[in-house]
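Okay, so here's the structure we're looking at.
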Number of protein chains: 2
Amino acid sequence: MEDIFGKIGTTVTLSQKIERKIEEAIRSKKLPLGAKLPSEKELCESFAVSRTALREALRRLSARGLIEIKKGSGMYVSEIKIEDAISSLNLYYDLKFDSNLISHIIEVRYLFEPEMARMAAKNRAEEDLLLLSENIKFFKQCDADNTQLEVDTDNKFHLTIAKATHNPVIILSMEPIYSLLPRMRDQFYGNLSGEKAHTIEAHEKIYNAIKDQDSDRAYFEMKKHVDRTWEVYKKHFEK
Amino acid sequence: MEDIFGKIGTTVTLSQKIERKIEEAIRSKKLPLGAKLPSEKELCESFAVSRTALREALRRLSARGLIEIKKGSGMYVSEIKIEDAISSLNLYYDLKFDSNLISHIIEVRYLFEPEMARMAAKNRAEEDLLLLSENIKFFKQCDADNTQLEVDTDNKFHLTIAKATHNPVIILSMEPIYSLLPRMRDQFYGNLSGEKAHTIEAHEKIYNAIKDQDSDRAYFEMKKHVDRTWEVYKKHFEK
DNA sequence: ATTAGGTTATACGTATTACAAATTTAATCT
DNA sequence: AGATTAAATTTGTAATACGTATAACCTAAT
């Protein structure tokens with residue numbers, strides 16, 4: 001097929017082209033982490049573009065976390081922070097947030113948390129145990145009227161277990177999900193108050209299994225726990 | 001705590017302030033999805049800033065996928081695409097990619113895929129079955145020399161199962177992981193050739209279980225499959 | 001009445017120039 | 001040598017101008 005009349009007006013703007021070029025240099029490690037980019041003036045000359053177009057490209061790159069711009073100093077290749085990596089995902093969930101998404105999130109927890117507890121039992125460090133036990137203690141003496149704090153503490157318990165897997169991929173994958181749970185508080189966690197005693201007991205059993213590095217028991221106890229949470233959720237949702 | 005000597009030179013640039021203001025308007029739905037933003041000229045007047053600062057803010061927002069800018073037409077609140085949401089995560093993984101990350105990814109698959117197969121068996125549609133069966137057929141008649149294609153096809157099989165759960169949260173969480181697997185091809189999947197017969201058999205068993213909506217069998221067959229993959233990986237890695 | 005064609009107003013893309021503000025570097029002084 | 005000051009460098013903001021894409025409107029020919 002001859003490409004005589006191929007597209008001309010692809011409307012890929014100049015600043016986007018510049019953005020891609022610099023991004024490619026970073027991805028290919030030609031610009032290693034922490035490296036200082038040439039100044040705006042030099043880059044303008046290299047690319048033969050105006051400062052306007054160049055700067056708009058740089059703004060995009062900094063918005064995505066690839067570079068850090070320091071006034072008066074220069075521009076540096078930045079290590080993408082975890083917050084940057086998941087902020088887009090968080091924003092996505094934030095805008096898509098509705099009851100449908102809630103049930104999907106509950107479902108994911110129901111599905112994955114037992115396996116995560118299993119891995120946490122294998123890989124947990126002393127530090128994780130400390131965090132978990134402190135969390136339980138705090139949860140116990142938590143003001144019963146402060147539902148919000150209770151739910152957040154509960155949520156943190158589960159997130160701590162995710163982190164105790166010491167698998168960064170799991171942590172990154174699950175973090176956006178847990179950061180969404182506080183938003184679900186008002187939606188249905190209101191009737192959690194009657195569950196407090198059970199929650200404490202369940203958390204303690206899970207904690208002990210993880211402490212003993214008993215993977216199967218950690219799995220089993222967590223499964224029991226999320227199964228019950230699931231029931232509570234369903235019951236509440238039927239109203 | 002008195003904030004007498006709080007930071008002054010936080011160097012929050014003007015364009016960042018503008019960015020936040022517009023972002024907040026979008027998050028709070030004051031600017032609903034698809035809404036047309038005021039023109040640059042009007043926004044400049046509203047915020048009382050120069051076009052330069054405003055445009056740099058807009059570039060950031062568009063880089064993050066919150067708005068879409070159409071030359072000659074205007075700027076519109078954009079539905080954040082899934083690709084936008086996970087592109088940051090992909091970039092993060094891309095830059096962090098090393099043998100350590102590989103083993104963590106394998107571990108995550110090992111951990112979650114059986115449960116995902118279980119859910120897929122429950123929720124799969126006819127369309128999913130078609131995709132899976134076509135994938136298996138394609139894999140069978142795949143040129144044995146073309147390792148790359150084989151691995152990608154294998155990868156796609158598992159991604160299709162993730163999608164067959166019909167849980168968008170799972171899909172979003174797992175997509176970045178699967179998009180990383182092709183990069184692992186050259187690292188260790190080279191010795192997969194001897195596994196082709198087994199892989200086909202395993203995939204068929206998994207497919208049949210999902211087709212029959214036999215959740216437990218889907219879980220079991222998938223677990224057997226990933227366990228073996230794990231063994232192959234470990235064996236290869238010991239070399 | 002419909003449609004092809006052109007006109008015009010609007011809106012975003014790029015370029016240029018100028019100056020402000022923060023930082024770094026170099027020079028100067030003690 | 002160390003501290004202080006001055007100069008140079010670098011990014012941030014502003015203002016103006018022109019290019020180019022889009023959409024709405026108008027006109028004339030079919």
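Sorted by first then second residue, the salt bridge (Lys or Arg N to Asp or Glu O under 4.0 Å) pairs that include residues 41-53 of chain A, not counting sequence neighbours, are E40(A)-R51(A).
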inquiry  = Is there a ring pair (Phe, Tyr, Trp, His ring centres under 6.0 Å) between H158(A) and H203(A)? Walk through the geometry before answering.
reply    = CA-CA 9 Å; H158(A) 290 275; H203(A) 282 195; 5.3 Å; yes
task = Take E56(B) and L14(B), measure what side-chain contact (heavy atoms from CB on, under 4.5 Å) needs, and give me the verdict at the end.
result = CA-CA 10 Å; E56(B) 296 193 349; L14(B) 185 53; over 6 Å; no
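L58(B) has its CG atom 10 Å from the C1' atom of dC12(C), to the nearest Å. The nearest whole Å value for the distance from the NZ atom in K70(B) to the C1' atom in dT20(D) is 17 Å. For the pair I69(A) CD1 and dA21(C) C1', the interatomic distance rounds to 16 Å; values are reported in whole Å. When the P atom of dT22(D) is taken as reference, atom CD of E68(B) falls 12 Å away, rounded to whole Å. For R59(A) and dT11(D), the CZ to C1' distance is 8 Å, given to the nearest whole Å. Computed from coordinates, the K71(B) NZ to dG19(D) C1' distance equals 7 Å when rounded to whole Å. As a whole-Å value, the separation of M75(B) CE from dT10(C) C1' is 13 Å.
Heavy-atom distances to DNA chain C give each of Y76(A) and E56(A) a nearest nucleotide, and the one nearer the 5′ end belongs to E56(A). Each of G72(A) and L14(B) lies near DNA chain D, and the nucleotide nearest G72(A) is the one positioned closer to the 5' end.
Side chain of S73(B) to backbone of K70(B): no donor-acceptor contact under 3.5 angstrom is found. Of the possible donor and acceptor atoms, one in the side chain of N155(A) sits under 3.5 Å from a partner among the backbone N and O of Y178(A).
Relative to the ring axis of F47(A), K21(A) does not place its NZ or CZ within 45° and under 6.0 Å from the centre.
Residues from residues 34-55 of chain B with heavy atoms under 4.0 angstrom of DNA chain C, sorted by number: S39(B), E40(B), R51(B), R55(B).
Remark: S15(B) is not in phosphate contact with dG12(D), judged by side-chain N or O atoms under 4.0 Å from OP1 or OP2.
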